[in-house]
J.: 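Please see the structure below; I have some questions.
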2 protein chains.
Amino acid sequence: MAYTIKDVAKKANVSIATVSRILNNQVGYTEETKRKVLKAIEELGYQPNAVARGLINKRTHTIGLLVPKLTSTFVTELLRGIEKVAHKAGSNVIVCHTETRGIKMMKYLQMLNEKRIDGLIFTSEVLKEEYYLYVKKMGIPMVLLSTQSDEYPVPYVKVNDRDAAYTATKYLIEKGHKEIGMLCGNKADLIAGIPRIKGFKDALNDHNIPVNENHIIFSDEFFFKMGLKA
Amino acid sequence: MAYTIKDVAKKANVSIATVSRILNNQVGYTEETKRKVLKAIEELGYQPNAVARGLINKRTHTIGLLVPKLTSTFVTELLRGIEKVAHKAGSNVIVCHTETRGIKMMKYLQMLNEKRIDGLIFTSEVLKEEYYLYVKKMGIPMVLLSTQSDEYPVPYVKVNDRDAAYTATKYLIEKGHKEIGMLCGNKADLIAGIPRIKGFKDALNDHNIPVNENHIIFSDEFFFKMGLKA
DNA sequence: TTGTAGGCGTTATCAC
DNA sequence: GTGATAACGCCTACAA
């Protein structure tokens, strides 16, 4: 079994209170006692128990990341970045794949709630009322990534899909291209569909280029293969 | 603040012990009291605190996953599968990117240890003595994924690289091909290099085909781009 | 069937 | 400067 703060205290001939102070570098002890305690910690190979700490501090230094199919390299990059920053800040990230739309989402939120995570990152899916209310009740900060919500006041980080599509299309037009095609997500997709198509068409219209619906190819999945096929 | 078992007990007019029993569906209560308690739980929207539970049960239902650069779609697939199974079993997975070889590894192991994770999956890197000893001291089960260790008795799951390369090469040979090239990892790589090259050469030799070293192209990174370039 | 009380490993508030 | 001691939220003998 792992050593506890009690073992350290005993070995260093001090009270657990003192050990705790040193561990959290607060004030109230001699350099001498500090050395003693540090030595005991070293010799025992003692590691504080984050679970116990979490119980009293009400912080677990853990954040939850809800992502859809992780197959897309885009989401993978997001995870990389998030985990990197979290680690630098002394936190870990629990990854949850909410594949089958909605079904597992509530289950995940529940698990994360029980684990008392410090915050939540919600990626790429539409924030349903049920989710929003639940997280609100959890009382932890949440941020949307690569999505946004018109209905609920939740901070988000994402690219403006309509504008991005507009800019991309405009760029090609200004390069002199006339026949421009578009590969996009599902026609009804609130994120990868509608806004991007709008940007695409807007750009064409603004440059007096007729829109050929056949030049827009839809796909439901964001696998590399799908893009290739399209 | 979230409700505790105490709130439930009070609302249901029972002791916390009874609530606990019902929560963990043990025996020792009437159907009647069970109904009462369940009703109180429902009304309060009570969710047990996994942190407190972890402290006493010594199980956190959390496992750690150490992966190298997650850019590779292979690793991404692994994560997907692992998370899926873990979730089904009621656990969560904390993902850690051990990018800069070794530097961050010990730091991660330490964090995971403090969080008292239940188990560890170690992916794609060589298991150094330092890591092995540390995890052994943690006293939790570990399994190697896509690696193996000759020095330490750690269970592993991986494809046999030498055999796989041999089989692939043999397949091409039997298809009638004579000029076979190979794209592989770093020449000295203990996983993606040496064994696969051996399999490749063995197959050629066994079929009396001369080995042309120029037909083996090495690469250090496993990005898609790198493969393309090669 | 039910409740009381001690303990899990820490932190924090008191005294001394 | 230092040490008891009461929480934190839950589980579990032990009683009743």
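Predicted model, so just to flag it, every value in this text is computed and none were measured. Proteins get letters first, then strands, A, B, ... in listed order; numbering begins at 1 in each.
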J.: Have a look at B:Val51 and say if it touches a base, only the backbone sugar-phosphate, or nothing, with a 4.0 Å heavy-atom cut-off.
T.: nothing
J.: Measure from the side-chain heavy atoms of A:Arg53 and tell me the nearest of C:dT11, D:dC8, D:dA13.
T.: C:dT11
J.: A:Ile5 has an atom CD1; how far is it from atom P of D:dG3, in whole Å?
T.: 12 Å
J.: For B:Ala52 and B:Thr33, find the nucleotide of DNA chain C closest to each by heavy atoms; which residue's nucleotide sits nearer the 5' end?
T.: B:Thr33
J.: What's the shortest heavy-atom distance between B:Tyr3 and B:Asp7, and which atoms?
T.: CA-OD2, 3.3 Å
J.: OP1 or OP2 of D:dG9 sitting under 4.0 Å from any side-chain N/O of A:Lys58?
T.: yes
J.: Considering only side-chain heavy atoms of A:Val14, which listed nucleotide, C:dG3, D:dC10, D:dG3, is closest?
T.: D:dG3
J.: Does B:Thr4 reach a base, just sugar-phosphate, or nothing at all? Heavy atoms under 4.0 Å.
T.: sugar-phosphate
J.: Under a 4.0 Å threshold between the charged nitrogen and the carboxylate oxygen, would A:Lys39 count as salt-bridged to A:Glu42?
T.: no
J.: Per the atom types in the model, does the base of C:dG9 pair as donor or acceptor with the side chain of B:Arg116 at under 3.5 Å?
T.: no
J.: Give a yes or no answer on whether the side chain of A:Thr33 reaches the backbone of A:Thr30 with a donor-acceptor pair at less than 3.5 Å.
T.: yes
J.: Work out which heavy atom in A:Ile5 is nearest to a heavy atom in A:Tyr46; give both atom names and the distance.
T.: N-CE1, 3.5 Å
J.: Name the nucleic acid region contacted by B:Leu23, choosing base, sugar-phosphate or nothing; use a 4.0 angstrom heavy-atom cut-off, strictly under.
T.: nothing
J.: Describe the nucleic acid contact of B:Gln26 in one word from base, sugar-phosphate, nothing, applying a heavy-atom distance below 4.0 Å.
T.: sugar-phosphate
J.: Among D:dG3, D:dA7, D:dC11, which is the nearest nucleotide to the side chain of A:Ser15?
T.: D:dG3
J.: To the side chain of A:Thr30, which of C:dG3, C:dT13, D:dG1 is closest?
T.: D:dG1
J.: What is the nucleic acid contact for B:Val27, judged by heavy atoms within less than 4.0 Å: base, sugar-phosphate only, or nothing?
T.: nothing
J.: Side chain of A:Tyr46, heavy atoms from C-beta onward: which of D:dA13, C:dT10, C:dA12 has the nearest atom to it?
T.: C:dT10
